[in-house]
2 protein chains.
Amino acid sequence: MLSNTCKYGIRAVIYLAVNQIEGKKIGIKKISEELTLPAPFLGKILQMLAKKKMLASTKGPNGGFSLAKDAEDITLFDIVEAIDGTDVFEQCMIGLKICEDDKSKEEKCPFHEKSSVVRTKFYNAFKQQTVKDFSTGIKNADEILTF
Amino acid sequence: MLSNTCKYGIRAVIYLAVNQIEGKKIGIKKISEELTLPAPFLGKILQMLAKKKMLASTKGPNGGFSLAKDAEDITLFDIVEAIDGTDVFEQCMIGLKICEDDKSKEEKCPFHEKSSVVRTKFYNAFKQQTVKDFSTGIKNADEILTF
DNA sequence: AAAATTTCGTACAATATTGTCTTAAATATA
DNA sequence: TATATTTAAGACAATATTGTACGAAATTTT
Ligand code: FES
Ligand code: FES
């Protein structure tokens with residue numbers, strides 16, 4: 001479904017939203033320990049997101065990462081788009097030829113209608129769910145975010 | 001979403017259903033040429049499906065593969081299960097900790113309800129769609145199955 | 001029975017994904 | 001200014017996925 005890289009990114013961004021303190025940054029080491037995932041790899045992922053202006057980073061002591069915008073303005077879709085791209089929302093789920101909704105019905109496969117309904121719901125779920133939904137909804141973040 | 005291996009498998013099984021002739025087999029070479037995918041790799045995939053009794057195979061001249069049961073008794077789910085396994089239908093879409101529906105609501109994440117609705121629809125779509133639906137619904141199989 | 005065809009099974013190879021390491025750059029503190 | 005800390009960047013390494021090659025086994029045709 002989503003790559004591990006992307007899942008790590010999602011967990012990290014949620015972690016930042018849940019634990020953010022106005023004006024402070026959180027370091028890679030801290031995040032990677034809490035989420036029990038490899039620090040250097042996490043670094044790369046967060047760098048990606050920083051480049052896309054979803055996160056802000058500062059170097060040096062007390063440096064680290066923080067959300068670059070309001071948690072309510074970051075959706076799951078945004079994170080997936082930044083890391084895995086949008087293929088998962090667009091491509092044919094079963095790998096058949098062109099799977100586009102704007103084709104005449106004759107050209108579509110028998111699975112097409114059901115398939116596109118599911119894919120739309122999938123897309124909407126990711127587009128609607130903001131990071132803020134997690135930070136307000138999660139009490140025991142550790143239980144949910146860690147492994 | 002699904003592995004390439006699995007998508008190849010789905011296309012091949014649909015191809016077999018569309019082109020099957022009572023009592024005849026279709027060879028790997030023929031299938032791989034029509035679907036423009038690597039013959040040796042396709043062989044492996046079809047062997048997997050043969051082992052799971054979804055396909056029947058015979059060696060020698062005029063040998064090849066055929067469906068081992070009625071097309072209406074093979075669902076997309078069955079093919080995915082045989083090749084990729086059922087993780088895609090069961091695991092948390094965003095990689096959070098245990099994502100099981102039978103937990104008390106307090107333990108679930110804020111995305112859980114939406115997520116499991118989508119996943120159920122995804123599951124149902126694959127579980128309901130049979131290979132026969134494709135063989136009856138596809139007129140121009142080449143256009144849809146090939147690249 | 002011999003030869004030809006085609007799957008089966010395993011081992012091998014290429015590529016993509018995932019993960020690690022090292023050095024440089026930036027920032028804070030002493 | 002010097003030192004410690006921490007991200008940035010890119011090279012490197014391990015693993016998983018995808019793809020190939022080849023000999024063996026089975027079946028048909030000659
Ligand atoms: S071509 Fe993708 S579902 Fe029809
Ligand atoms: S834990 Fe998977 S959606 Fe809630």
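First the proteins, then the strands, lettered A, B, ... as listed; each starts at 1. The basis for the numbers below is simple: all heavy atoms, side chains too, and nothing from hydrogens, waters or symmetry mates.
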Asker: Can you measure B/Lys59 atom NZ to D/dT27 atom P for me and round it to whole angstrom units?
Answerer: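 From B/Lys59 NZ to D/dT27 P: 7 Å.
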Asker: Starting at the 5' end of DNA chain C, which residue's closest nucleotide do you reach first, A/Leu2 or B/Lys29?
Answerer: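 Between the two, 5'-proximity favours B/Lys29.
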Asker: When you check the gap from the basic side-chain N to the acidic O, do B/Glu33 and B/Lys29 get nearer than 4.0 Å?
Answerer: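 Between B/Lys29 and B/Glu33 there is no salt bridge, as every charged N stays at least 4.0 Å from the carboxylate O atoms.
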Asker: D/dT17 C1' sits how many Å from B/Met1 CE, rounded?
Answerer: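 Computing the B/Met1:CE to D/dT17:C1' distance gives 19 Å.
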Asker: Does the base of D/dG19 carry an N or O that pairs as donor and acceptor with the side chain of B/Lys44 under 3.5 Å?
Answerer: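 When only heavy-atom distances are counted, B/Lys44 does reach the base of D/dG19 through a donor-acceptor pair under 3.5 Å.
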Asker: May I ask you to say what A/Gly43 touches in the nucleic acid, namely base, sugar-phosphate or nothing, with a heavy-atom cut-off under 4.0 Å?
Answerer: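 No contact.
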Asker: Between B/Phe41 (CZ) and D/dG19 (P), how many Å, whole number?
Answerer: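 So the CZ-P distance, B/Phe41 to D/dG19, works out to 5 Å.
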Asker: Base, sugar-phosphate, or nothing for B/Pro38, non-hydrogen atoms under 4.0 angstrom?
Answerer: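 Counting heavy atoms under 4.0 Å across all strands, the contact made by B/Pro38 is with sugar-phosphate only.
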Asker: Expressed as a whole number of angstroms, how long is the span from B/Ile31:CD1 to C/dT7:P?
Answerer: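 Those two atoms, CD1 and P, are 8 Å apart.
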Asker: Which residue is it: B/Lys114, B/Glu113, B/Lys121? I am looking for the one with a side-chain contact (heavy atoms from CB on, under 4.5 Å) to B/Val117.
Answerer: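 When B/Lys114, B/Glu113, B/Lys121 are each tested with B/Val117, the side-chain contact (heavy atoms from CB on, under 4.5 Å) holds only for B/Lys121.
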Asker: Expressed in angstrom and rounded to an integer, what is the separation of B/Ile45 atom CD1 from D/dG19 atom C1'?
Answerer: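 For the pair B/Ile45 CD1 and D/dG19 C1', the rounded distance is 10 Å.
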Asker: Tell me whether the OP1 or OP2 atom of D/dA8 has a side-chain N or O from A/Ser57 closer than 4.0 Å.
Answerer: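 Result: yes.
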Asker: Regarding A/Lys51, tell me which of base, sugar-phosphate or nothing describes its non-hydrogen contacts under 4.0 Å with the strands shown.
Answerer: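 Sugar-phosphate, backbone atoms only, no base.
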Asker: B/Asn62 or A/Gly60: which one's nearest nucleotide on DNA chain D is closer to the 5' end?
Answerer: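 Nearer the 5' end of the strand: A/Gly60.
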Asker: Out of curiosity, B/Ile45 CD1 to B/Arg11 CZ, how far, rounded to the nearest 0.5 Å?
Answerer: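 Between B/Ile45 CD1 and B/Arg11 CZ, I get 10.0 Å after rounding to 0.5 Å.
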Asker: Give the rounded distance in Å between these two atoms: CG of B/Asp87 and P of D/dT17.
Answerer: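 Checked: the CG to P distance equals 11 Å.
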Asker: Tell me whether the OP1 or OP2 atom of C/dA16 has a side-chain N or O from B/Asn4 closer than 4.0 Å.
Answerer: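 False: B/Asn4 side-chain N/O out of range (4.0 Å or more) of C/dA16 OP1/OP2.
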Asker: Heavy atoms only, 4.0 Å cut-off, all strands: where does B/Leu46 land among base, sugar-phosphate and nothing?
Answerer: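 The residue B/Leu46 makes no contact with any strand.
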Asker: Between A/Leu49 (CG) and D/dT7 (P), how many Å, whole number?
Answerer: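 From A/Leu49 CG to D/dT7 P: 14 Å.
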Asker: So A/Phe134 and B/Phe111, would you call those rings parallel, tilted or perpendicular, with 30° and 60° as cut-offs?
Answerer: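 If you compare the ring of A/Phe134 with that of B/Phe111, the planes turn out tilted.
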Asker: Give the nucleotide from the list C/dA28, D/dT18, C/dT18 with an atom nearest to the side chain of A/Pro61.
Answerer: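 Selected nucleotide (nearest to the side chain): C/dA28.
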Asker: Which whole-number value in Å describes the distance from A/Leu42 CG to D/dA8 P?
Answerer: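 Atom-to-atom, A/Leu42 to D/dA8, this comes out as 11 Å.
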Asker: Does a nitrogen or oxygen in the side chain of B/Ser3 sit under 4.0 Å from OP1 or OP2 of D/dT17?
Answerer: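 Result: no.
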Asker: Considering all heavy atoms of both residues, which atom of A/Cys99 and which atom of A/His112 are nearest to each other, and what is their separation?
Answerer: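 That closest heavy-atom pairing would be SG-CE1, 3.2 Å.
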Asker: Are any of A/Tyr8's side-chain N or O atoms less than 4.0 Å away from OP1 or OP2 of C/dT18?
Answerer: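 No, outside the criterion.
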Asker: Can you identify which nucleotide, out of D/dA8, C/dC8, C/dT18, has its nearest atom closest to the A/Thr5 side chain?
Answerer: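 Nearest to the side chain of A/Thr5 among the choices is C/dT18.
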Asker: Hey, is the main chain of B/Cys6 close enough, under 3.5 Å, to the side chain of B/Ser3 for a donor-acceptor pair?
Answerer: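 Judged by distance alone, yes, a pair lies under 3.5 Å.
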